[in-house]
*Asks:* 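Got a structure here, written out as structure tokens. Questions coming.
Residues: numbered from 1 along the sequence shown. Every value quoted in this text rests on a predicted model; they were computed, and no experiment measured them.
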Amino acid sequence: MKLMYQNMLSFMIVILTTLGIILYTVTSYTTNWEYNSTYETLESYAYNMEKVALSKNPDDGNIQNITDENMDFLRQVLAQHSVQFGVFDENNNQVYPSMPSSGFTNHLKSKYWEKMKKGQTIRYIQNAATSDGRPKLENGNNLSYVCVLVPWFEDGKLVAVIWVGSNVSQIQSNIVEIKNRLYLALLISLLASIILSFILSRYQVNRINKLSYATRKVANNDFSVHIDSKNRDELDDLANDFNKMVTSLRESDEEINRQELRRKEFMADASHEMRTPLTTINGLLEGLAYDAIPEESKAQSIELMRNETNRLIRLVNENLDYEKIRTNQISLSKQEFDARVPLRDIVSQLQKKAEDANDKINLDLPEEELMTYADYDRFVQVMFNVLQNSIQFTTSGFINTTGFRDEEKHATIFKVSDNGIGMSEDQVKNIWDRYYKADVSRKNRKYGESGLGLSIVHQLVQNHGGEIKVASELGKGTTITITFYDEGHELKN
């Protein structure tokens, strides 16, 4: 069964149950009210008739109004209200209406008469099929009545009992009329509920269908879909979560596509980088195998093969190193040390490469200790890669390296600035991406074969709980700022 019809059925069950309860309650209340109202009216007639019938003659003190003439007058008055009555004397004999000439005398049931003696008023429904305890009515009337029996007392003595009855058909007609109106209201409510439940169900199902349609689009790799939400209910909450999911999937897809492009570029670059040394090594080995290389050149050939082999090893190690760092497979042994010592060693190691590029390295460090909290070896790796990157993209320029303490931040900060080729805003956004090279036309194979150096730097600084930022302007140079926080004050990424 479709959800819309399930919702409609649920609405209908609730509405029908509610209407059924209301109908039963109102019908029961109305029926009871009609009968109780009739009983009270009949009792009021009986009490009023008592006042008239039991009035005494002021001369002799005898009751003077229980006569056929007076009773006939009252009967004519009450007949206009579809009410009949009968009177029984103190001996339980029907004295009005008068009995037929056959001499048959009608009596109240003994159980009723005993209660009359005790002054109780009795209410009951007298069926047409039951004659016992019912006064004989004129014209052979054979109907059902709503009846009351009221005792009349004079000076504490039972003097008469009056039976007052009203035709049940009058009450039933009223009840039927009320029920008909209720059934009509029920029918109208039912039709209105069907229409309303259809509209509400259709509305909810349409909202779900929008989610379903959007889900199919996402399944077909269309991440441009967006579902409007008014934050009203759980479906809107679901729409918000769906939009967040789509945004996340879109970003992931873009990242995957970007990484795939980088991977393809890297594979092309790596293949080219590996092919060159492998070709060189293979050629040299063939030359050695066939004695095609002069004896005096063999040492140079072996040295060349060693350099090309180291180049291949470096290319493979950079990729393995990046994966280990990215997946937190390396453990950091943090300690506090004076960063001036490793920085001077790094500058000394890179001095020859800087001179080859006609660059000048300036080192600006405090005279006193520059205490830094980091893994010593990884700190050297970070700073070495950053300085080497600056040399790679700077020709006939300078590389300034500055280190200082920021006690307010509880951190040691290093800045490496150059006046090299710089980067555009788009290049700065991607500078930490794996395989990315800001200037693909300048592949200095001596220093940057893979494009992984800055990715490794970025990951290592993050693993330290530190911070790394880059500011660059195309054609004017680049500044990289690295912050290593003190123990217990790592940046919460």
*Asks:* Strictly distance-based, threshold 3.5 Å: is any side-chain N or O of S472 a donor or acceptor partner for the main-chain N or O of G477?
*Replies:* yes

*Asks:* At what distance, to the nearest 0.5 angstrom, does OG1 of T483 lie from NE2 of H464?
*Replies:* 13.0 Å

*Asks:* With side chain to side chain contact (heavy atoms under 4.5 Å, CB included) as the criterion, how do V386 and F414 come out once you've worked through the C-alpha distance, each side chain's angles and the decisive distance to 0.1 Å?
*Replies:* CA-CA 11 Å; V386 172; F414 301 92; over 6 Å; no

*Asks:* So which atom in A374 and which in F379 form the shortest heavy-atom distance, rounded to 0.1 Å?
*Replies:* CB-CB, 4.4 Å

*Asks:* How many angstroms lie between atom CD of E50 and atom OH of Y47, to the nearest 0.5 angstrom?
*Replies:* 8.0 Å

*Asks:* Does the side chain of M49 reach to within under 4.5 Å of the side chain of V87, using non-hydrogen atoms?
*Replies:* no

*Asks:* Give the minimum heavy-atom separation between Q84 and Y145, together with the two atoms involved.
*Replies:* NE2-OH, 3.5 Å

*Asks:* Would a distance-only check, ignoring hydrogens and angles, find a side-chain to backbone donor-acceptor pair under 3.5 Å from S212 to I208?
*Replies:* no

*Asks:* Could you tell me whether R181 and E177 make a salt bridge, using a distance below 4.0 angstrom between a side-chain N and a carboxylate O?
*Replies:* yes

*Asks:* In Å and rounded to the nearest 0.5 Å, what is the OG1 to CG distance from T27 to N32?
*Replies:* 10.5 Å

*Asks:* So, taking the atom named OH in Y112 and the one named OH in Y124, what distance separates them when rounded to the nearest 0.5 Å?
*Replies:* 5.5 Å

*Asks:* Measure from the side-chain N and O atoms of N389 to the backbone N and O of N385, and report whether any donor-acceptor pair falls under 3.5 Å.
*Replies:* no

*Asks:* For Q427 and L474: C-alpha separation, side-chain torsions, deciding distance, then whether side chain to side chain contact (heavy atoms under 4.5 Å, CB included) applies.
*Replies:* CA-CA 10 Å; Q427 289 173 331; L474 198 62; 4.0 Å; yes

*Asks:* For a quick test of reading the model, state the closest non-hydrogen atom pair linking Y373 to E336 and the distance between them.
*Replies:* CD1-N, 4.1 Å

*Asks:* So do K118 and K115 actually touch side chain to side chain, heavy atoms under 4.5 Å?
*Replies:* no

*Asks:* Which heavy-atom pair separates I15 from S193 by the least distance, and what is that distance?
*Replies:* CD1-CB, 3.1 Å

*Asks:* Show your reasoning for whether side chain to side chain contact (heavy atoms under 4.5 Å, CB included) applies to V225 and F242.
*Replies:* CA-CA 10 Å; V225 63; F242 179 86; 4.2 Å; yes

*Asks:* F153 and G119: which non-hydrogen atoms are nearest, and at how many Å?
*Replies:* CE1-CA, 3.6 Å

*Asks:* Measuring only between side-chain heavy atoms, which start at C-beta, is D228 closer than 4.5 Å to H226?
*Replies:* yes

*Asks:* Can you find a heavy atom in the side chain of F88 that is under 4.5 Å from one in the side chain of M116?
*Replies:* no

*Asks:* More than 12 heavy atoms of other residues, nucleotides or ligands under 6.0 Å from NZ of K334: yes or no?
*Replies:* yes

*Asks:* I'd like to know if the side chain of S248 and the backbone of M245 have a donor-acceptor N/O pair within less than 3.5 Å.
*Replies:* no

*Asks:* Using side-chain heavy atoms (C-beta onward) and a distance below 4.5 Å, is T121 in contact with P151?
*Replies:* yes

*Asks:* Less than 6.0 Å separating the ring centroids of Y45 and F85?
*Replies:* no

*Asks:* Is R207 paired with D236 through a side-chain N to carboxylate O contact shorter than 4.0 Å?
*Replies:* yes

*Asks:* So, the side chain of N92 versus the backbone of H107: is there a donor-acceptor pair under 3.5 Å, distance only?
*Replies:* no

*Asks:* Should T31 and W33 count as side-chain neighbours, where that means a heavy-atom distance under 4.5 Å?
*Replies:* no

*Asks:* Answer yes or no: is there a side-chain heavy-atom contact under 4.5 Å between F393 and T478?
*Replies:* no

*Asks:* Run D253 and N257 through side chain to side chain donor-acceptor pair (under 3.5 Å) and show every step you take.
*Replies:* CA-CA 6 Å; D253 185 66; N257 291 334; 3.3 Å; yes

*Asks:* Is there a donor-acceptor pair under 3.5 Å between the side chain of D233 and the backbone N or O of L235?
*Replies:* yes

*Asks:* Compare all side-chain heavy atoms of R123 with those of E40 and state whether any distance is below 4.5 angstrom.
*Replies:* yes

*Asks:* My understanding is that only one of I122, V164, T38 makes a side chain to side chain contact (heavy atoms under 4.5 Å, CB included) with V148; could you say which?
*Replies:* V164

*Asks:* For T30 and K179, what are the C-alpha separation, side-chain angles and deciding distance, and is it a side chain to side chain contact (heavy atoms under 4.5 Å, CB included)?
*Replies:* CA-CA 9 Å; T30 303; K179 285 184 177 180; over 6 Å; no

*Asks:* Closest approach of L332 and N463, non-hydrogen atoms and distance?
*Replies:* CD1-O, 3.5 Å

*Asks:* Any side-chain to backbone donor/acceptor pair from N243 onto I227? Under 3.5 Å, distance only.
*Replies:* yes

*Asks:* Would you confirm whether D89, through its side chain, and N91, through its main-chain N or O, come within 3.5 Å as a donor-acceptor pair?
*Replies:* yes

*Asks:* Can you confirm whether E234 is buried at CD, in the sense that more than 12 heavy atoms of other residues, nucleotides or ligands lie under 6.0 Å from that atom?
*Replies:* no

*Asks:* To the closest 0.5 Å, what do you measure between CD1 (I413) and CD1 (I482)?
*Replies:* 11.0 Å

*Asks:* Distance from I199 atom CD1 to I194 atom CD1, nearest 0.5 Å?
*Replies:* 12.0 Å

